[in-house]
> 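Quick one: the structure is below, and I'll ask about it shortly.
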Amino acid sequence: MARLTITDRRERALVAVADAAMRPAVVTRRFRRAPAAPARILCLRLERIGDLLLTAPALAALHAALPDATIDLVVGSWNRDLAGAMPGVTAVETVDAAWLSRGGNGLGPLGLAMHATRWRRRKYDLAINFEPDIRSNLAMAMAGVRWTAGFASGGGGPLLDLALDYDVGAHVADNAIALVEAATSHWGPHAPATPALSIPAANRAEAERLLSRFAGMTTIGLQVSAGRAIKQWPEERFRTIAERLVRDRGAAIVLAGSPADRAQVDAVLSALPPERAMDLSGGTPLLTVAAVLERLDLFVTGDTGPMHLAHLVGTPVVAIFGPSEPRRYAPRGSRDHLVRIDLPCSPCNRIRRPPGRCTGHTPDCLAGIDTARVLAAIDEALRGGAR
């Protein structure tokens with residue numbers, strides 16, 4: 001288990017103090033009762049793309065449990081299109097939290113709490129916060145909802161009617177499903193639910209047009225950028241993988257990413273014949289990217305949001321993991337393959353605050369993964385072998 005840093009301990013101490021100050025709220029909530037089958041539900045998932053996609057199974061379970069209820073989903077602005085494509089979601093609202101926005105822009109904790117008071121007029125019967133965070137729990141408490149559910153582990157538990165401990169040893173998706181099942185247990189048994197993405201026909205048509213020039217070829221997607229340096233498998237190894245796939249396996253390569261990944265994408269593109277390569281990193285709409293991923297034979301990536309997107313649309317994934325905890329974040333499809341190495345310190349899961357000895361260079365848990373291991377996993381996945 002990773003050792004807590006001084007900053008981690010300080011934050012936990014502050015959360016504990018805040019929770020102690022909120023204890024009187026427990027007394028007033030003791031007399032509240034869950035309402036009859038809720039007609040209006042509010043859900044919060046303010047984090048990044050991967051976090052929202054990992055919540056898709058829970059949202060599907062919520063809709064299956066309460067099919068007649070409206071579900072309003074609040075997400076960061078970067079997730080607007082994906083949230084709108086999730087079956088069962090009635091309406092999407094975007095709110096950017098400053099601590100989750102890449103540029104640091106957005107509402108602070110007090111601003112978010114004040115914004116949440118606007119939700120009072122909607123008279124929600126049930127609210128579910130999928131984030132173990134005292135700041136969003138506080139916001140939900142300000143929304144005037146009849147019954148609230150969330151995680152207590154990140155603070156703010158006294159403000160909730162139902163507060164679960166977040167299981168750090170379980171998959172993120174399983175934690176979200178457990179929260180939905182606990183929050184809806186008053187209203188009968190849970191029907192089985194399969195998460196999906198309702199990709200519009202226009203985006204699927206555009207994906208078909210883009211990929212038409214690769215007809216008859218094995219088409220493999222690569223996500224070169226990991227978004228954070230601590231999770232970055234070396235770009236030159238992605239380049240080698242792409243070259244080998246084109247030269248030895250006759251594949252066509254589709255490079256995913258954002259405009260911020262330009263240099264990393266170009267490093268791979270420059271090694272490939274133009275007729276065998278496609279670049280989607282120039283701002284392609286996210287739902288078009290999803291439609292392209294859906295049509296690929298395989299997607300190769302680190303621990304990224306597009307990894308979860310490919311998994312959700314049913315494309316086999318080869319995922320390269322370093323410090324990230326696979327038990328919590330790895331795709332779990334029958335044809336998904338995980339590539340990692342065992343080290344005494346890995347996985348540390350210290351993504352936001354990497355150890356000092358792992359900054360400024362590729363960490364050992366990723367540097368030790370060579371291209372041969374990844375190519376072997378790719379070949380196994382293309383043969384249809386199970387993970």
Side-chain angles (χ1 to χ4, degrees), residues 207 210-229 231-284 288-311 313 315-322 331 335-341 362-363 365-385 387:
L210 288 169
L211 292 173
S212 61
R213 63 191 179 97
F214 296 150
M217 301 181 194
T218 298
T219 310
I220 300 175
L222 295 184
Q223 172 73 27
V224 181
S225 173
R228 295 178 183 269
K231 296 193 294 182
Q232 183 65 54
W233 196 52
E235 290 90 343
E236 61 270 19
R237 298 187 192 180
F238 273 110
R239 174 174 170 148
T240 299
I241 292 289
E243 288 177 306
R244 293 283 299 276
L245 290 174
V246 170
R247 186 188 69 206
D248 301 338
R249 294 156 179 84
I253 304 299
V254 176
L255 288 153
S258 71
D261 305 330
R262 179 79 274 140
Q264 292 170 301
V265 170
D266 283 345
V268 176
L269 272 179
S270 63
L272 303 178
E275 68 276 9
R276 289 294 186 92
M278 179 185 297
D279 177 12
L280 296 183
S281 67
T284 304
T288 298
V289 173
V292 169
L293 293 180
E294 187 179 44
R295 299 171 68 88
L296 298 181
D297 295 294
L298 185 68
F299 191 61
V300 183
T301 175
D303 172 25
T304 64
M307 174 188 75
H308 298 296
L309 185 57
H311 172 71
V313 299
T315 297
V317 173
V318 169
I320 305 164
F321 267 54
R335 290 180 59 199
D336 296 335
H337 287 257
L338 185 68
V339 185
R340 63 176 300 272
I341 59 172
T362 303
C365 54
L366 284 169
I369 300 174
D370 58 25
T371 56
R373 289 175 67 108
V374 177
L375 283 166
I378 289 171
D379 288 338
E380 181 66 21
L382 289 174
R383 285 194 297 268
R387 59 185 297 160

> For a 4.5 angstrom cut-off between non-hydrogen side-chain atoms, does Arg262 reach Leu269?
yes

> Please report the closest heavy-atom contact between Glu235 and Val268, naming both atoms and the distance.
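So the two residues come closest at O-CG2, 4.3 Å.
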
> Test Leu293 against every option in Val317, Leu280, Leu309, Thr288 by the side-chain contact (heavy atoms from CB on, under 4.5 Å) rule and name the one that passes.
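Of all the options given, the one that passes is Leu309.
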
> Measure the shortest side-chain to side-chain distance between Asp303 and Arg228 over non-hydrogen atoms and say whether it is less than 4.5 angstrom.
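Result no, sub-4.5 Å side-chain heavy-atom pair not found.
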
> Gln232 and Val224: which non-hydrogen atoms are nearest, and at how many Å?
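In this case the closest contact between Gln232 and Val224 is NE2-O, 2.7 Å.
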
> Any side-chain heavy atom of Phe214 sitting closer than 4.5 Å to one from Arg295?
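They are not in contact (no side-chain heavy atoms under 4.5 Å apart), so the answer is no.
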
> Contact between Leu296 and Ile220 at the side-chain level, heavy atoms closer than 4.5 Å - yes or no?
no

> I'd like to know if the side chain of Thr284 and the backbone of Gly282 have a donor-acceptor N/O pair within less than 3.5 Å.
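No, Thr284 side chain to Gly282 backbone: no donor-acceptor pair under 3.5 Å.
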
> Under the side-chain contact (heavy atoms from CB on, under 4.5 Å) rule, what do Asp248 and Leu375 come out as? Steps first, then yes or no, please.
CA-CA 11 Å; Asp248 301 338; Leu375 283 166; over 6 Å; no

> What's the spacing between Arg340 CZ and Arg373 CZ if we round to 0.5 Å?
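Reported to 0.5 Å precision, the distance equals 9.5 Å.
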
> Closer than 3.5 angstrom, by distance alone: can the side chain of Arg276 be matched with the main-chain N or O of Ile253 as a donor-acceptor pair?
no

> Quick one: are Leu211 and Met278 in side-chain contact, heavy atoms under 4.5 Å?
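Contact flag for Leu211/Met278 side chains = yes.
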
> How close do Ala256 and Val265 get, counting heavy atoms only, and between which atoms?
O-CG2, 4.1 Å

> Measuring only between side-chain heavy atoms, which start at C-beta, is Asp379 closer than 4.5 Å to His337?
no

> Rounded at 0.5 Å granularity, tell me how far CD1 in Ile378 sits from CZ in Arg249.
7.0 Å

> For residues Met307 and Phe299, report the shortest heavy-atom separation together with the two atoms involved.
N-CE2, 4.0 Å

> I want to check something: taking the side chain as every heavy atom from C-beta on, are Ile320 and Phe238 in contact at a cut-off of under 4.5 Å?
yes

> Looking at every non-hydrogen atom in both residues, tell me the closest pair between Arg213 and Leu210 and how far apart they are.
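What the structure gives for the nearest pair is CG-O, 4.1 Å.
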
> Is any side-chain heavy atom of Pro273 closer than 4.5 Å to a side-chain heavy atom of Val246?
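They are in side-chain contact.
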
> Could you tell me which residues satisfy salt bridge (Lys or Arg N to Asp or Glu O under 4.0 Å) with Asp370, sequence neighbours excluded, listed by chain and number?
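Once residues adjacent in sequence are excluded, Asp370 has no partner under the salt bridge (Lys or Arg N to Asp or Glu O under 4.0 Å) criterion.
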
> Give the intermediate values and the outcome of side-chain contact (heavy atoms from CB on, under 4.5 Å) for residues Lys231 and Thr304.
CA-CA 9 Å; Lys231 296 193 294 182; Thr304 64; 5.8 Å; no

> Hydrogens and angles aside, do Ser225 and Gln264 bring a side-chain donor and acceptor to less than 3.5 Å of each other?
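Checked: Ser225/Gln264 side chains pair up, N/O donor to acceptor below 3.5 Å.
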
> List for me each residue that meets salt bridge (Lys or Arg N to Asp or Glu O under 4.0 Å) alongside Arg239, sequence neighbours excluded, and say none if there are none.
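Applying salt bridge (Lys or Arg N to Asp or Glu O under 4.0 Å) to Arg239 gives none.
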
> Is a donor on one side and an acceptor on the other found under 3.5 Å between the side chain of Asp266 and the backbone of Ala263?
no

> Please report the shortest heavy-atom distance between Gly322 and Cys365, naming the atom on each side.
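The pair with the smallest heavy-atom distance is C-SG, 3.4 Å.
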
> Can you check whether Ile369's main-chain N or O pairs, donor with acceptor, with Arg237's side chain at less than 3.5 Å?
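Here the side-chain-to-backbone pair exists.
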
